[in-house]
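The analysis underlying the following values was restricted to heavy atoms, covering all of them including side chains, and did not include hydrogens, waters or symmetry mates.
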Amino acid sequence: MNTPFSTTSSSPQRGLAVVTGASVGIGQATAQALEKAGYTVIAASRRLTTLPSADSGITTHQLDVTDADSVAALERTVASHPVPLTLLVNNAGIPTHAATIADSDLADWRATYDTNVIGAVRTTQALLPHLIRHHGHVQFIGSTVGRVPYERGAAYAASKYALTALVQTLRLETNGLPVRITEIAPGMMRGDEAGGEFMRTRFHNDPAAIAAVYQGVDNPLTPEDIAECVVWCATRPAHVDIDLMEIRPLAQAAQHKVHRTH
């Protein structure tokens with residue numbers, strides 16, 4: 001029988017949550033927010049840059065979603081964990097350099113697809129049986145660019161379009177099973193290391209190009225904003241599935257329409 005977890009942080013344990021790409025940005029903020037909400041958290045990432053405190057409900061696990069053996073090791077950790085897995089947040093992803101399709105490097109396309117799409121498939125395949133067994137929830141961090149692309153961003157946009165197709169197909173294929181499927185799609189975001197890393201990669205560490213993106217934009221999204229959305233979706237009643245949540249800052253009405261104060 002499905003026993004839904006309470007929605008307060010003082011509630012009984014909600015279960016085990018795995019967050020991929022959890023060393024910085026949305027992943028790190030999500031791991032911290034889920035721990036505060038009552039989850040035991042495995043923060044999985046290639047880079048273990050943040051160590052939890054001794055009394056934290058967060059443990060770190062080195063994970064490369066592009067490596068089958070690495071994902072298999074994560075599954076063994078989950079299988080042997082005393083707390084049942086109830087949430088997987090597929091957040092691991094990489095950006096691409098800004099380039100037109102005519103001039104883009106196909107190695108960028110391969111690396112981006114391997115991480116952003118196949119990596120999410122690989123991790124989901126490994127952990128889905130645990131999530132079904134424990135009436136769990138799979139969340140994918142997509143992007144608004146997965147529906148509306150922009151120039152010089154085709155490789156990244158294509159990976160997010162593919163991720164959207166993956167989420168929608170998984171929702172169809174698991175219909176009737178006790179597992180929820182959600183896509184979280186952020187718009188313009190600027191925050192800590194993750195936002196900075198994304199833009200540094202995209203614009204080849206050009207500070208002027210990065211600054212121009214955000215010039216005059218009041219309050220772009222932060223990783224903490226997205227983490228709150230992840231927690232909210234995860235803590236709805238067990239029969240409520242948020243299929244898709246698109247989040248933009250107030251200043252961004254659409255990919256191509258952003259209000260700038262100067």
A.B. asks: Would you say D243's side chain and T182's backbone share a donor-acceptor pair under 3.5 angstrom?
C.D. replies: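 Not confirmed, D243 side chain does not pair with T182 backbone.
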
A.B. asks: Around R46, counting heavy atoms of other residues, nucleotides and ligands shown, do more than 12 lie under 6.0 Å from its CZ?
C.D. replies: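 Not more than 12 within 6.0 Å, no.
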
A.B. asks: Ignoring hydrogens and angles, tell me if any N or O in the side chain of D225 forms a donor-acceptor pair with the backbone of T222 under 3.5 Å.
C.D. replies: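 Answer holds: yes.
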
A.B. asks: For L250, look at atom CG and say whether over 12 heavy atoms of other residues, nucleotides or ligands are found less than 6.0 Å away.
C.D. replies: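 No, not enclosed.
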
A.B. asks: State whether the side chain of T30 and the backbone N or O of G27 hold a donor-acceptor pair below 3.5 Å, judged by distance alone.
C.D. replies: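 No; zero donor-acceptor contacts below 3.5 Å.
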
A.B. asks: Quick check: does any side chain N or O of Q252 sit under 3.5 Å from a backbone N or O of G187, one acting as donor and the other as acceptor?
C.D. replies: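 Answer holds: no.
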
A.B. asks: Just to verify, what does V117 make a side chain to side chain contact (heavy atoms under 4.5 Å, CB included) with, not counting sequence neighbours?
C.D. replies: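 Partners of V117 by the side chain to side chain contact (heavy atoms under 4.5 Å, CB included) criterion, ordered by chain and then number, come out as Y113, S159, A162.
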
A.B. asks: Do Y214 side-chain atoms and M189 backbone N/O form a donor-acceptor pair below 3.5 Å?
C.D. replies: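 Checking the backbone N and O of M189 against the side chain of Y214, a donor-acceptor pair under 3.5 Å is found.
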
A.B. asks: Taking the side chain from R122 and the backbone from D114, do they hold a donor-acceptor pair closer than 3.5 Å?
C.D. replies: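 No, R122 side chain to D114 backbone: no donor-acceptor pair under 3.5 Å.
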
A.B. asks: Show, in sequence, the C-alpha distance, side-chain angles and deciding distance for R14 and L87, and conclude whether the side chain to side chain contact (heavy atoms under 4.5 Å, CB included) test is met.
C.D. replies: CA-CA 9 Å; R14 295 183 186 277; L87 177 63; over 6 Å; no

A.B. asks: In this structure, are over 12 heavy atoms from other groups packed under 6.0 Å from I101 atom CD1?
C.D. replies: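 12 or below, so no.
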
A.B. asks: Take V231 and K36 through the test side chain to side chain contact (heavy atoms under 4.5 Å, CB included) and record every step on the way to the result.
C.D. replies: CA-CA 10 Å; V231 173; K36 290 178 182 177; over 6 Å; no

